[in-house]
Every structure is written in structure tokens, then in C-alpha cells.
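Below is one structure, written out as C-alpha cells; comments come after it.
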Amino acid sequence: EAGVTQFPSHSVIEKGQTVTLRCDPISGHDNLYWYRRVMGKEIKFLLHFVKESKQDESGMPNNRFLAERTGGTYSTLKVQPAELEDSGVYFCASSQGLAGVEEQYFGPGTRLTVT
Amino acid sequence: RKEVEQDPGPFNVPEGATVAFNCTYSNSASQSFFWYRQDCRKEPKLLMSVYSSGNEDGRFTAQLNRASQYISLLIRDSKLSDSATYLCVVNGGGSYIPTFGRGTSLIVHP
């Protein structure tokens with residue numbers, strides 16, 4: 001069974017540019033989560049989809065971040081315009097049940113560097 | 001006070017040693033607890049869930065102490081392959097958003 005995949009694995013962009021990250025969850029997993037890890041800090045929750053609906057986006061830092069999950073399959077996370085503090089590793093995870101209750105499966109992450 | 005706190009380490013131990021990590025959490029209403037393992041530049045992977053009664057999986061034992069609000073992970077007979085960062089994950093109590101600790105780094109040397 002294919003795991004969670006993310007694209008790209010690395011992205012280096014300049015401040016002010018736009019970047020779109022993609023996550024393909026495990027097939028059949030309704031729950032999809034985005035997280036971010038800034039260097040030296042803990043992994044932080046960004047938002048949670050159940051199918052195509054945003055269940056909780058309380059962790060999104062500001063309105064420069066936009067996440068979508070059209071059709072309840074893959075998800076995208078767009079950062080526009082990017083700022084230096086957006087640098088970090090963005091993980092996507094999926095689970096059948098809620099991640100607070102069941103195991104969640106992580107993708108390999110996208111390492112974003114904003115210069 | 002951080003919601004989930006871990007000693008970052010590193011814990012540097014020889015092969016065969018027994019090592020234990022603790023993780024404290026601040027929300028007394030937390031319901032679910034997990035240990036994840038993260039290898040360098042890789043994604044986190046579930047090591048084990050932590051049940052109220054404690055649980056054991058081979059060389060790994062996890063325990064929960066609700067009174068003192070901490071969970072522990074004990075690794076017996078450490079292997080070189082156990083070298084990794086161990087992440088404590090707690091659900092927020094009242095919500096199902098997982099909260100992560102910063103992780104504890106373990107280095108097992110020959």
C-alpha cells in the first residue's frame with residue numbers, strides 16, 4: 001500500500017514569491033493534517049481536513065497560508081507571499097480516524113527555505 | 001509552560017544499556033498519548049500508543065502516570081538502530097489536535 005507522499009521534497013524560494021506544496025494521503029483516509037516544524041522547535045499543527053472540509057484551521061499562522069483539498073483526495077498548501085519565517089519542514093499526515101485517537105501516517109515532508 | 005515537554009538530550013548510551021525518557025504534559029484532560037520515532041531528516045513514525053495500564057512491545061515499555069501528568073518510554077537492551085529522536089504526542093484534551101513535544105534524541109554507540 002502506498003504511503004503518504006508529498007511534493008516537492010525541497011523548495012527554495014525568495015521572499016515574496018509563492019509556493020504550493022502538495023500532499024497525497026493514503027487512499028481511503030478521510031483525515032488529513034498539515035504540520036510545520038521550524039528548526040529547533042516542535043512540530044506544530046496547522047490544519048485538519050475531514051474529506052474536503054476544513055475541520056480545524058486554528059494553527060494556520062496567517063492569511064498568507066491557504067490550504068485546499070478539492071474532492072477530498074490530495075491537498076495543497078499555498079504560501080503567498082512567502083516570508084523568511086515560513087522556512088521549515090512541512091509535514092502532511094493522514095489517518096482513518098482522528099489523529100488524536102488513532103495512528104497517523106506522515107509523509108516525508110517538504111523542506112521549504114525562504115531566502 | 002509548554003503543553004508537552006521533553007528533555008531534548010542527547011542521551012548517549014552504549015549498546016545493551018537500558019534508557020528511559022519522560023514526557024510531561026500540562027493539560028490534565030488529555031486523553032490519548034503516543035510515542036513516535038523520527039530518524040534524521042525522515043518523517044515521524046508511530047512507535048507505540050500509551051495506554052492507562054501501560055503497554056509493552058518487545059524491548060519497549062510505555063507507561064502513563066495521570067496523577068503526575070507524564071508518560072515514559074523505557075528501552076531495554078539498546079541497539080545501534082534505536083538511535084533516533086523520540087517524539088511524545090498528546091491530544092489536547094477537549095480537542096483531537098495532536099500536540100508534539102520537541103523530541104528526545106537518543107544515540108546508541110558501540
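In what follows, chains are A, B, ... by sequence order, proteins preceding strands, each numbered from 1. Keep in mind that this is a model prediction, so the values were computed, not measured. Heavy-atom basis, side chains included; hydrogens, waters and symmetry copies ignored.
For A/R111, there are no side-chain hydrogen bond (donor to acceptor under 3.5 Å, both in side chains) partners, not counting sequence neighbours.
Contacts between A/Y35 and chain B at a heavy-atom distance below 4.5 Å involve the side chain alone, from C-beta outward. In this structure, chain A has no heavy atom under 4.5 Å from any part of B/Q6.
Listed here is the closest heavy atom pair of A/F91 and B/Q38: CZ-NE2, 3.6 Å. Here the shortest heavy-atom pairing between A/R37 and B/R102 reads NH2-O, 2.7 Å. Scanning all heavy atoms of the two residues, the minimum distance from B/P98 to A/Y33 falls at CD-CE2, 4.5 Å.
Within residues 45-74 of chain A, the residues having any heavy atom closer than 4.5 Å to a heavy atom of chain B are A/F45, A/D56, A/S58, listed by residue number.
Between the CD atom of A/Q104 and the CD atom of B/E43 there is a distance of 12.0 Å, given to the nearest 0.5 Å.
Taking hydrophobic clusters as Ile, Leu, Val, Met, Phe, Trp and Tyr residues chained together by side-chain heavy-atom distances below 4.5 Å, B/F60 shares a cluster with B/L80. Follow the hydrophobic side-chain contacts under 4.5 Å out from A/F106 and you never reach A/M39; the two are in separate clusters. In the hydrophobic clustering of ILVMFWY residues, with side-chain heavy atoms under 4.5 Å counting as a link, A/Y105 and A/L77 come out apart. Placement of A/L32 and A/I26 in two distinct hydrophobic clusters is found when ILVMFWY residues are connected by side-chain heavy-atom separations under 4.5 Å, directly or transitively. Taking hydrophobic clusters as Ile, Leu, Val, Met, Phe, Trp and Tyr residues chained together by side-chain heavy-atom distances below 4.5 Å, A/V89 does not share a cluster with A/W34.
Per-residue counts of heavy-atom pairs under 4.5 Å with chain B were compared for A/G109, A/G40, A/A93; the largest is that of A/G40.
In this structure, B/Y36 and A/E103 have side chains that are in contact, with non-hydrogen atoms separated by less than 4.5 Å.
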